[in-house]
Amino acid sequence: MDISHLLDDLNPPQREAVTSTSPAIMVIAGAGSGKTRVLTHRVSWLIEVERLSPYSILAVTFTNKAAAEMRGRIETQLNMSTRGLWVGTFHSIAHRLLRMHWREAGLPQQFQILDSDDQKRLVKRVIRERELDPAHYPPPQVQWWINNRKDEGLRAANIDAEGDHYLSTMVQLYHDYEAACERGGMVDFAELLLRSNELWLNQPVLLKQYQERFAHILVDEFQDTNALQYAWIRNLSGKDTQMFIVGDDDQAIYGWRGALVENITRYEQELAPVEVIKLEQNYRSTQTILSAANGLIEHNQERHGKNLWSDGEEGEPITLYAAFNEQEEARYVIDQIEASIADGADRDQSAILYRSNSQSRAFEELLMQRNIPYRVYGGLRFFERAEVRDGLAYLRLVANRNDDAAFERVVNHPPRGIGNRTLELLRAEARRVNQSLWTTAQNGSAWGLSGRAAGALQKFSELIEEIARECADTSLADSIETTINRCGLLEHYAGQRSEKEQARVENLEELVNAGSLYQPDDEESELDPLSTFLSHAALEAGENQGDAWEKCVQLMTLHSAKGLEFDQVFLTGMEEGLFPHSRSIEEPGRLEEERRLCYVGMTRARQTLCITHAEARRLHGDTRITSPSRFIREIPADHLREVRIRGQVEAPVYRPGSSLSSAQPTANGLRLGQLVAHAKFGEGVIMDIEGDGSRQRVQVEFSEVGSKWLMTDYANLQPQ
DNA sequence: TAACGATCTTTTTTT
DNA sequence: AAGATCGTTA
């Protein structure tokens, strides 16, 4: 058998990882070391060389994107369909199990997935019903708390509040929330995992069956697993299961949402002896970038220890630019990008990375002004848009009348005269009789609702029943079309003719389209298509902004940059308080996570890396003087090159500890940040200086007339 | 019931 | 500064 195509382009440790027969393997895969390749080649190897049935392999990832990429690559390698092979996110696999074993899991067959938005509404309701002050118990915080408990594998009944008032209230809310979910047949994200883990614990026969089925379990991004995911994996693995995990402790950046890097060590201890394979050869970045990143990450105490190297080129030094403020920072970065594009680089090979989303603004404004196409990652995705969610809520009611979250969402949207007062009474009554809102609404006048309110609810019920009847024996696509057309949302938006409403109508039409394109997975094909479509919508929120695939400059947070790579990377806003973020500075553990985030950012770059910081930045309304990030100082200085304004290299811009000292005066006494007066334009601040002698010009931000470029020889600016 | 104004808040994000 | 949320008012 010719197996060369699976091994030829691998280095020795990669090859060892792909072919190893140890019962427990741990691959510590540095950034850019070919992690995905190892994972996919191993699966292909198992199937093609070891002749394992795809049916006996389970591969788990964190994102749908990673799962899709893995499946795609495996199919290409094997040149066959991967039917039977389970590749998916923790959540999608747990979901699949629950759909198959809903009875054993104690769920109604039609259970629906509650996304975080619905979850928040439900939590809010539970708080209201307890008559607690939402200021004392903010819904997002309660939601966060509940999810954290679930991620730890704890149910309300398992938590001992020990007389602590706050804690016991939280437990009570958790309890109410569980009851509300139960009543409506709803399962939130964390619940998917918790339930299926309980399925393992409560159904030993079923568990054994799966343990025997999966001879191989592969887990990607192991450093991001939380306690529940760890338990889930451990329970599922039988004594003959071969475990293959891939992770990188230096890229653990999700501790704040419950991920436990320690799971790596824990795995190593619990499954000893574990074969540890380190992938340290990097195929992405220049040696300079790697050395710099290594130098930085060495400042962390808690490490497995690993040193990335490359046999590629030394590459350019990392440039460091000290901007006057965030606008000037944007100007510098975008000038550089424009220059590289002029040199023939692709726009989408430049990425601007930042710590927090609000920083994208200055960049976006300038990119827009200069007509450079760009794409900002993050933000609302298709299935998260309000109108799409409304449409889905109608569908959910059609599928399951007891879905209270969906009921609340659309009962008066579009407005049909069911006001808050009515809803309040309805909620109270539903709670009293412990029934869903839908059921309670059916006999409004019987429990004392005014004739008018009861009538309005009646009409709403009839509408839903009617839609359901029309959808009864049609295809999924037709059901969705019927629902969207009949629910009244289209008319509601069509009435108003602004651009926004136009877009909403289009999105609803797109939802119909999404339904007709939807193909259930093989295992799901015999289940109710509407339910699986709704789950799909919740589990996979869709493309970010599937806008035209024109090549765009990429803007994103450092977190969303993980897993991506670009020729040219700008690491911006490298200032104390912003990055590392002020809320992380106190705790050593958090600070180390910030440092790993910086490491992740740096290692995204293939060719060039540029680090920028502003000496003054407008944040939350006021301008403050900032100092450069400690991370800049932690990068070995010999890999850095400081850049002056427009390429004039003189005294170093950056000196540790200095803030505004870098604004060097020019020959005629003007310097950045200088307050000046102009005969016609009034007072202003110097934002930029370029050229010298008779060709020197300065950019002044005037308080009256805005920003102007002026030739210094003619402007006659008076320093103030 | 909707619309307006006051008040509050502000890291990172997937499922 | 800006956006979301909330309570009050017309």
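Residue numbers start from 1 in every chain, and the chains themselves are labelled A, B, ... in the order their sequence lines are given, proteins ahead of strands. All heavy atoms count here, side chains included; hydrogens, waters and symmetry mates do not.
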If the P atom of C:dT5 is compared with that of B:dT12, how far apart are they to the nearest Å?
-> 15 Å
Tightest non-hydrogen contact, residues A:Ile253 and A:Arg596, listed as CG2-C, 4.2 Å
Classify the nucleic acid contact of A:Ser116 as base, sugar-phosphate or nothing, counting any heavy atom under 4.0 Å across all strands shown.
-> base
Looking only at side-chain atoms of A:Lys120, point me to the closest of B:dT11, C:dT5, C:dC6.
-> C:dT5
State which of C:dT5, C:dA1, B:dA2 makes the closest approach to the side chain of A:Pro415.
-> B:dA2
Kindly write out the residues that satisfy salt bridge (charged side-chain N to carboxylate O under 4.0 Å, His left out) with A:Asp115, not counting sequence neighbours, or none if the list is empty.
-> A:Arg389
Looking at the side chain of A:Tyr254, which of B:dT15, B:dT13, C:dT5 is the nearest nucleotide?
-> B:dT13
Calculate the interatomic distance between A:Phe189 atom CZ and B:dT14 atom P; express it in whole Å.
-> 11 Å
State whether the number of non-hydrogen atoms from other residues, nucleotides or ligands found under 6.0 Å of A:Arg303 atom CZ is greater than 12.
-> yes
Let me know the distance between CZ of A:Arg595 and P of B:dT12, rounded to the nearest Å.
-> 21 Å
Output, in order, the C-alpha distance, side-chain angles, deciding distance and verdict of ring-ring contact (aromatic ring centres under 6.0 Å, His included) for A:His101 and A:Tyr210.
-> CA-CA 12 Å; A:His101 307 291; A:Tyr210 278 103; 5.6 Å; yes
Short side-chain N/O contact from A:Asn357 to OP1 or OP2 of B:dT11, under 4.0 Å = no
Would you say A:His559 stacks on B:dT12, if stacking means ring centres under 5.5 Å apart and planes within less than 30 degrees?
-> no
Is the closest basic N to carboxylate O distance between A:Lys65 and A:Glu69 below 4.0 Å?
-> no
Along DNA chain B (nearest heavy atom to each residue), the more 5'-positioned of A:Asn412 and A:Arg590 | A:Asn412
Would you kindly give the CG-to-C1' distance between A:Leu539 and B:dT15, to the nearest whole Å?
-> 6 Å
Any donor-acceptor pair under 3.5 Å joining the side chain of A:Arg583 to the base of B:dT11?
-> no
Checking all strands, does A:Ile418 fall into the base, sugar-phosphate, or nothing category for heavy-atom contacts under 4.0 angstrom?
-> sugar-phosphate
Atom CE of A:Met574 to atom P of B:dT11: distance rounded to whole Å?
-> 19 Å
Under 4.0 Å between a side-chain N/O of A:Asn64 and OP1 or OP2 of B:dT14, yes or no?
-> no
Could you give the NE2-to-C1' distance, from A:His581 to B:dT13, as a whole number of Å?
-> 15 Å
Integer-rounded Å distance: B:dT12 P and A:Trp144 CH2 = 12 Å
Is A:Arg121 paired with A:Glu408 through a side-chain N to carboxylate O contact shorter than 4.0 Å?
-> no
How many Å lie between CG on A:Leu353 and P on B:dT13, as a whole number?
-> 12 Å
Hey, does the side chain of A:Thr557 come within less than 4.0 Å of B:dT13's phosphate (OP1/OP2), counting only N and O?
-> yes
Please determine, for the side chain of A:Arg618, which listed nucleotide (B:dT15, C:dA1, B:dT11) has the closest atom?
-> C:dA1
Per atom distances to the A:Thr63 side chain, the nearest of B:dT12, B:dT13, B:dT15 is B:dT15
Figure out the CG/C1' separation between A:Asp117 and B:dT13, and round it to whole Å.
-> 15 Å
According to the 5.5 Å centroid and 30° plane-angle thresholds, does A:Trp256 stack upon the nucleobase of B:dT12?
-> yes
Taking only side-chain nitrogens and oxygens of A:Arg381, does any of them come within less than 4.0 Å of OP1 or OP2 of B:dT13?
-> no
